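Everything below concerns the one structure shown next.
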Amino acid sequence: MPSWEFPASRITASRMCSGRRSARVPDGDGWGFCGSVVVTGCVKELKPSSTRRIFYQRIRGCFPGAGGCMTGVVAGGMRRTSAGSGRKKGLYRRSGLANMCASMSDKQKNAISPRREEDFPEWYQQVIRAADLAENSEVRGCMVIKPWGYAIWERMQGVLDRMFKETGHRNAYFPLFIPLSYLEKEAAHVEGFAKECAVVTHHRLEMKDGKLVPAGELTEPLVVRPTSETIIGAAYARWVKSWRDLPILLNQWANVVRWEMRPRLFLRTAEFLWQEGHTAHETREEAEVETMKMLRVYETFAREFLALPVLTGEKSESERFPGALQTYCIEAMVQDRKAIQAGTSHFLGQNFSKASGIQFQGRDGAVEHAWTTSWGVSTRLIGTLIMAHSDDDGLVLPPRIAPAHVVIIPITPKEDSKAAVLEAAEALAKSLRASTFEGEPVSVEVDARDIGGGVKSWEWIKKGVPVRIEIGPRDLTQGTAAVSRRDRPHKEKDFLPMADIPSRMAGILDDIQAQLLARATAFRETHLKPIDSKEGFYAFFTPANSAKPEIHGGFALAHWNGTPEVEEQIKNDLKVTIRCIPFEESPEPGVCPFTGAPSRQRVVWAKSY
RNA sequence: CGGGGUGUAGCUUAGCUUGGUAGAGCGCCUGGUUUGGGACCAGGAGGUCGCAGGUUCGAAUCCUGUCGCCCCGACCA
């Protein structure tokens, strides 16, 4: 086996025009390498104006024993060999080529390639793939949520559902299809959702020339729900007659469809899973209290279970839910310092009750419109979780939301001790399951598959299981087991007395949970900055390398004159928006750095998902 | 919708300029050796080269059309 030497520092990740993951090296010759590197096509022109045409060239080397292929891009002199109309295969051909090879001494240090700082969006996709959470479906924008990903969602559902019940809500289910006319009822709502609706126009298929074609056109098209305010509003209108019928406090777990232009797994998909709470109240105050109460539920859930410190506040007018009077949000910062709206709670006023005719006779006998709210979180929380905590070895799950707390990996190098090791592993699993964490039995997986121990460990690292326990023959004689934590470097392991492990597990899990929250909080604090000048603001949000922006920026706390025009300008200039107007006990007045106009308080600005 | 790319096995892809039996690595299967951190050896399965026409004795390769996907923009609680 040859050894692989390469100046790894000179490779940086680059998103090529083909969209494939690559590595980039400076052009030049003479980088020695040994082994087979397969050169494929040219993908990007480097210096079109140079006398010698230089291109980045995508290369791919397959290295025996590397456990995978390496991709890279190398610059070399290229020539264009053919052109013409139509599809061009083999447009570019290799003529000169700088030698290159990826550093194999650097291989497998991390499970995920590229690393976060190299290419955050690509890293995100690779984490999902490595942890086996989900994959893209054949229908653009839709995803298949695989068992491990769905298990996380089920955990979220379980906790949230309990919290909703504790706050007096019950579950119900409303139809997927909404009559087109319902959506027309609320003007702002139409405006907000019309552009991304899937519409059902037929109810039958007929065979024509061997092809199935839609037939049986509907008299009124049906919209696949992008959200359910209108159809639930229609039901509430039927149900509410008297003030005694109020409040109605319902939630539904459902899928919704919004035809997104640019889907990303979990973050923005055409179809996604969520819960939507819809309540109707007798008074404005009651509805406002409800809106805020559910925001607090989300905030608590994010902090206590997902280990996500979230900012809470109100959305500016331009970010408000279409049809709402006020939209409140929880806003998280993820590791590329961007903001992500992780949940929203809307005070809808009487807009929807007027649109749907939710009327009741009040205590004074007068007919009034109900006051409604809606609030929701979605599978986007999974994406948020991934981007907030995961590292270059894959997913990192907070124990309180992890589908499994512990995985036990029996190490069975010798046939004669194998049975004893497996038995010990099962015994430990049993006693662990008898112990509790947060009032629930500790959930344990025993991975007894007959494959290499290293492979097995890495699989669970990538899946983000909080605690791994290895048990081998040596442990049997010593009465110990090797305990590793996902929040610590993967090589680190504590040999704990096996008998102590069940009683200590809850403490370990608690500590991991706390560490993740502390880490995420410290990260956010580091990248949350008060900014008072326009120059400082623009500098904060301008990457040093505009061609391939590095991770930069964060949350800027800046004053604002309160007008949408300023927001619009900033958005156009920097792609930065107001994420929320934080709730302030005592707002600090100041001066809008963009206009010089007076400002009531600082607001949170950031780039966002 | 505009601009730019791309399509060969589950994944990453070679082959195309110059037409002649479709190759590789990873992954997968089988057997053996292994196993305390991403194993090795041997054997094996897997491809109507996106689709449809055309040129040709012969097309992954040339031509025409078409579809999908990716990136940038527009758009987006």
Side-chain angles (χ1 to χ4, degrees), chain A residues 1 15-21 35-45 58-71 79-95 107-111 121 129 135-136 138 140 188-189 192-193 195-196 226-227 256 258-263 268 274 315 318-324 327-329 341 343-346 374-376 378 380 393 409-415 418 421 450-462 468 470-475 481-482 484 490-493 495 577 608-609:
Chain A
M1 182 66 45
R15 178 175 295 276
M16 308 310 293
C17 49
S18 66
R20 292 207 176 84
R21 184 159 42 85
S36 63
V37 171
V38 182
V39 178
T40 66
C42 165
V43 289
K44 191 172 189 178
E45 198 170 349
R58 188 153 44 109
I59 72 159
R60 179 162 201 89
C62 298
F63 305 99
C69 290
M70 307 288 296
T71 38
R79 72 190 160 87
R80 200 183 193 113
T81 56
S82 72
S85 61
R87 191 167 118 207
K88 304 174 201 99
K89 271 184 134 180
L91 177 60
Y92 301 115
R93 298 283 296 173
R94 168 188 175 192
S95 67
K107 72 160 188 172
Q108 313 301 2
K109 258 186 190 160
N110 300 108
R129 191 208 285 249
E135 62 188 31
N136 278 308
E138 38 281 86
R140 180 184 157 81
H189 200 61
F193 287 107
K195 281 166 293 195
E196 48 188 24
T227 179
V256 285
R258 297 179 189 178
W259 215 259
E260 298 289 351
M261 303 292 247
R262 203 164 284 173
R268 188 178 293 114
W274 78 346
K315 284 291 185 192
S318 55
E319 298 274 328
R320 196 177 292 156
F321 176 76
T327 287
Y328 303 103
C329 63
Q341 179 176 300
T344 48
S345 184
H346 315 291
S374 68
W375 28 274
S378 71
R380 180 179 245 208
D393 289 324
I409 300 166
I411 308 290
T412 54
K414 295 194 180 67
E415 202 55 43
K418 193 169 181 175
V421 169
D450 190 19
I451 55 174
V455 175
K456 235 191 278 191
S457 289
W458 277 107
E459 226 170 83
W460 292 106
I461 291 170
K462 288 186 284 193
R468 304 185 303 283
E470 292 175 2
I471 299 180
R474 287 209 298 275
D475 296 307
S484 306
H490 62 79
K491 277 187 183 150
E492 199 176 308
K493 51 178 91 167
F495 287 88
T577 51
S608 72
Y609 280 96

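Each chain gets a letter, A, B and so on, in the order its sequence line appears, and its residues count up from 1. Owing to the predicted nature of the structure, the values given are computational and were not obtained by experimental measurement.
- With rounding to whole Å, A:Lys315 atom NZ is found 15 Å from B:C76 atom P.
- Taking atom CG of residue A:Asp475 and atom P of nucleotide B:U35, one finds them 16 Å apart after rounding to whole Å.
- Considering only the side chain of A:Arg262, B:A74 comes nearest among B:A77, B:A74, B:A39.
- Partners of A:Ser378 according to the side chain to side chain contact (heavy atoms under 4.5 Å, CB included) rule, which considers only residues two or more places apart in sequence or in another chain, are A:Phe272, A:Trp274, A:Arg380.
- With sequence neighbours excluded, the residues forming a ring-ring contact (aromatic ring centres under 6.0 Å, His included) with A:Phe321 are A:His189, A:Phe193, A:His346, listed by chain and number.
- A:Lys195 has its NZ atom 17 Å from the P atom of B:C1, to the nearest Å.
- Here B:U35 is the nucleotide among B:U35, B:C76, B:G73 with the atom lying nearest to any side-chain atom of A:Ile411.
- Rounded to whole angstrom, the span from the CG atom of A:Asn136 across to the P atom of B:C11 amounts to 13 Å.
- Rounding to whole angstrom units, CD1 of residue A:Ile461 and C1' of B:G37 are separated by 7 Å.
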(request) Dot-bracket for RNA chain B, please, read 5' to 3', with Watson-Crick or G-U wobble pairs under 3.5 Å on both distances, ( ) within the strand, [ ] crossing, | other strand, . unpaired. (result) (((((((..((((......[..)))).((((((.....)))))).....(((((..]....))))))))))))....
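- Residues meeting the salt bridge (charged side-chain N to carboxylate O under 4.0 Å, His left out) test with A:Lys315, sequence neighbours left out: A:Glu331.
- The closest side-chain donor-acceptor pair between A:Ser457 and A:Glu470 falls under 3.5 angstrom.
- Residues that satisfy the salt bridge (charged side-chain N to carboxylate O under 4.0 Å, His left out) test with A:Glu415, not counting sequence neighbours, are absent from this structure.
- Taking atom CD1 of A:Ile451 as the reference point, atom C1' of B:G37 lies 13 Å away to the nearest angstrom.
- Contacts of A:Tyr609 classified as ring-ring contact (aromatic ring centres under 6.0 Å, His included), with partners at least two apart in sequence or in another chain: none.
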